[in-house]
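To start, the structure itself, in structure tokens.
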Amino acid sequence: MKIYNTLTAQKEDFKPINEGKVGVYVCGPTVYNYIHIGNARPICVFDVFRRYLEFKGYETKFIQNYTDVNDKIIKQAEKENSTPEEIALKYINEYEKDAKGLNVRPADIQPKVSLYMNQIIDMIKTLVEKGFAYEVNGDVYYRTRKFEGYGKLSKQSLDDLISGARVEVNSIKEDPLDFALWKSAGADEQHWDSPWGKGRPGWHIECSAMAKDCMGDTIDIHCGGKDLVFPHHENEVAQSEASTGKTFSNYWMHNGHINIDNKKMSKSAGNFFLTRDVAEKYGYETIRYLMIQAHYRMPMNYTAELLDSCKTSLERLYNCRETLDRAISAAKNGEITDSAKETFEKRKSQFIDSMDDDLNTADGLTAVFELARELNTMSADSTVSKEQLEAGAVLFDTLTGVLGLLYNRTEQDEIPAEVKELVQKRIDARKAKDFALADTIRDQIAALGYSVKETRQGMEITKTN
RNA sequence: GGCGCUAUAGCCAAGUGGUAAGGCGUGGGUCUGCAACACCCUGAUCCCCAGUUCAAAUCUGGGUGGCGCCUCCA
């Protein structure tokens, strides 16, 4: 599999540290608010990545942290008249609801900054001892000039960074580019004890400390949004590599942004849509589909029209799968034709080729849609055997499963008895050619939140969102 | 100013030098009591200009437009 590595700025063959195993660290949310759909992108995309790695036979270890100690959380606590701890808990909880709605599997380990203070402090101590950090008035700063590779991830030299930097006000730092590892805090604020007095960890050290604790000195792949490349990930590299003397992460994957009116969506800019609000209108799965229909590194402009088309596309896949189920129950036993075997094999390898190419989900979907068309044709052909349809269904489920789609199929036993009765009445009415009554019943069913379609194999009932 | 990304049909979006996948939408048809689903047909001189090549959406150079990072941010 090829992965575009931000560090080398090219696609590279992926080689894990340990044969057959992959460790991935994804920067998780700072929990001070509900997530917006820009936040949802990496969550969905890297979940697909995880599923695909497992499909390829890798044993995966996924780490996604919660940043539950942060100035924004403290601010939000004031706003909600609460405590930072309660705010963090609340939004972790809300995050998990959204993630579940998006069919994102929880990471294997979800470390919280608040529980990693010892490791954070230890790493800062190491950096101070090695001369990569210094203390000033209870703050500790990282000495960027001391770390030779500084800028290697974001491809910027220190001097370039300085020329673009904003003017520093009352700097107590040795260099404008030095960044905080520890910041002193008053006794009345949220704080932890440290060798440098009461305070809180800086913005970047937490990920270095948690990644090391969960994964060891070197991790296979580190993921996150493009905007984290600088300074967050650059600083993580500096901290981790200076303290351990080893490569921090072999591969770096960064997803592109979601724009509104071609401008980056962000909480601070205020031009964002909350995931749950979009989900209420289009369904969570449509959001997941949205993330998959483009390559993860490309920027994406969010529009209502786009969401509409995603929802319709997704329905096409659902229709295919449901038609297939009915065809299977109506089909006779028999052989799988050679041409069908070939078709399935072709679509499978087409899918794999796409996904192997830096997780090209947009191209991977092509294989799924072409398979869908072929399966639709098979479903409509009464000479096609049950075995063949079942083989097609297995493949279809495998591919859509890797993408994490079609997780909301209507189970027949979920359908209320009331609806089932109405459906039977409609069937009777149609038999009696009482179409006016049949249509009335269809409206009644719709009012209950279900839709019925006549098909070759019988009546199909689905839940409307 | 520095670093980087990007430009493909009405919209979304792949594309590894050999004359443009897929989805949505549009229009037409088949099926159907109607509708829906499905199936078939329907659409692109690939931002511009040069160059390399037998051959360029794809490589090179130069433009133009859009975006991001350089400050917390997925």
Side-chain angles (χ1 to χ4, degrees), chain A residues 2 6 9 11 26-30 32 35-46 67 70-72 75 151 154-157 159-166 168 177 179 203 223-232 234 254-259 262-269 272 289-290 293-301 303 305-320 322-323 350 353-354 357 360-370 372-373 375-377 379-381 429-430 433-436 438-439 442 451-456 460 462:
Chain A
K2 281 187 191 299
T6 306
K11 283 184 196 172
V26 185
C27 281
T30 299
Y32 69 101
I35 58 165
H36 60 63
I37 58 168
N39 301 118
R41 188 170 190 184
I43 297 167
C44 292
V45 157
F46 296 123
T67 298
N70 183 282
D71 288 355
K72 285 182 182 169
K75 245 182 224 167
S154 56
K155 314 279 176 263
Q156 305 223 66
S157 72
D159 295 328
D160 290 342
L161 285 164
I162 286 179
S163 72
R166 309 276 159 103
E168 288 281 331
L177 285 175
F179 57 90
W203 314 302
C223 306
K226 224 168 202 166
D227 51 351
L228 295 183
V229 174
F230 192 91
H232 187 57
E234 191 72 64
H254 292 100
N255 64 276
H257 287 132
I258 294 185
N259 300 326
N262 286 315
K263 296 285 175 198
K264 180 181 160 181
M265 168 184 311
S266 76
K267 285 176 187 169
S268 50
F272 61 88
Y289 184 92
L290 171 76
Q293 59 89 38
H295 186 268
Y296 75 91
R297 281 191 288 117
M298 292 296 116
M300 179 189 291
N301 199 44
T303 62
E305 191 189 7
L306 178 55
L307 264 287
D308 280 329
S309 88
C310 287
K311 193 173 165 70
T312 313
S313 302
L314 193 53
E315 270 163 25
R316 179 174 171 78
L317 298 179
Y318 269 102
N319 286 335
C320 170
E322 272 146 20
T323 304
Q350 185 185 351
D353 288 348
S354 302
D357 184 15
N360 194 336
T361 52
D363 206 29
L365 267 182
T366 296
V368 175
F369 276 102
E370 293 192 291
R373 178 165 33 74
L375 290 174
N376 281 333
T377 301
S379 292
D381 182 349
R430 289 184 71 239
K433 304 238 183 262
D434 186 350
F435 297 120
D439 289 349
R442 181 163 61 195
S451 74
V452 283
K453 293 175 201 163
E454 272 63 68
T455 69
R456 287 170 194 83
E460 176 187 317
T462 47

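Just so we're clear, the structure is a prediction, and the values are computed from it rather than from any experiment. Convention: sequence-line order gives letters A, B, ...; per-chain numbering from 1.
The side chain of Q156(A) lies closest to C3(B) when the candidates are C3(B), C34(B), A13(B). Of the candidate nucleotides C11(B), C12(B), G25(B), G25(B) has the atom nearest to the side chain of T312(A). Looking at the side chain of L228(A), the nearest of the listed nucleotides C12(B), A74(B), C69(B) is A74(B). Checking G23(B), C73(B), C70(B) against the side-chain heavy atoms of K72(A) singles out C73(B) as nearest. Closest to the P231(A) side chain, of the nucleotides U71(B), G33(B), A21(B), is U71(B). In this structure, the nucleotide among A74(B), C39(B), G33(B) sitting nearest to the side chain of M265(A) is A74(B). Looking at the side chain of D227(A), the nearest of the listed nucleotides C73(B), A38(B), G33(B) is C73(B). Among C67(B), G23(B), C37(B), the nucleotide with an atom closest to any side-chain atom of T323(A) is C37(B). In this structure, the nucleotide among A21(B), A74(B), A14(B) sitting nearest to the side chain of N360(A) is A14(B). Checked against G33(B), A74(B), A14(B), the side chain of D439(A) finds its nearest nucleotide in G33(B).
An OP1 or OP2 oxygen of U16(B) is reached within less than 4.0 angstrom by no side-chain nitrogen or oxygen of K2(A). Between R297(A) and U6(B), a side-chain N or O to OP1/OP2 separation shorter than 4.0 Å is absent. When the side-chain nitrogen and oxygen atoms of R316(A) are compared with OP1 and OP2 of G25(B), none of them lie within a distance under 4.0 Å.
Taking the six-membered ring where the residue is Trp, F272(A) and H36(A) present tilted rings, their angle falling between 30° and 60°.
Here N255(A) lies in heavy-atom contact (under 4.0 Å) with a base. H295(A) comes within contact range of the sugar-phosphate backbone alone, with a heavy-atom separation under 4.0 Å but no base atom that close.
Taking the charged nitrogens against the carboxylate oxygens, R442(A) and D439(A) do have a contact shorter than 4.0 Å, which makes a salt bridge.
Going from atom NZ of K263(A) over to atom P of C5(B) covers 20 Å, rounded to whole Å.
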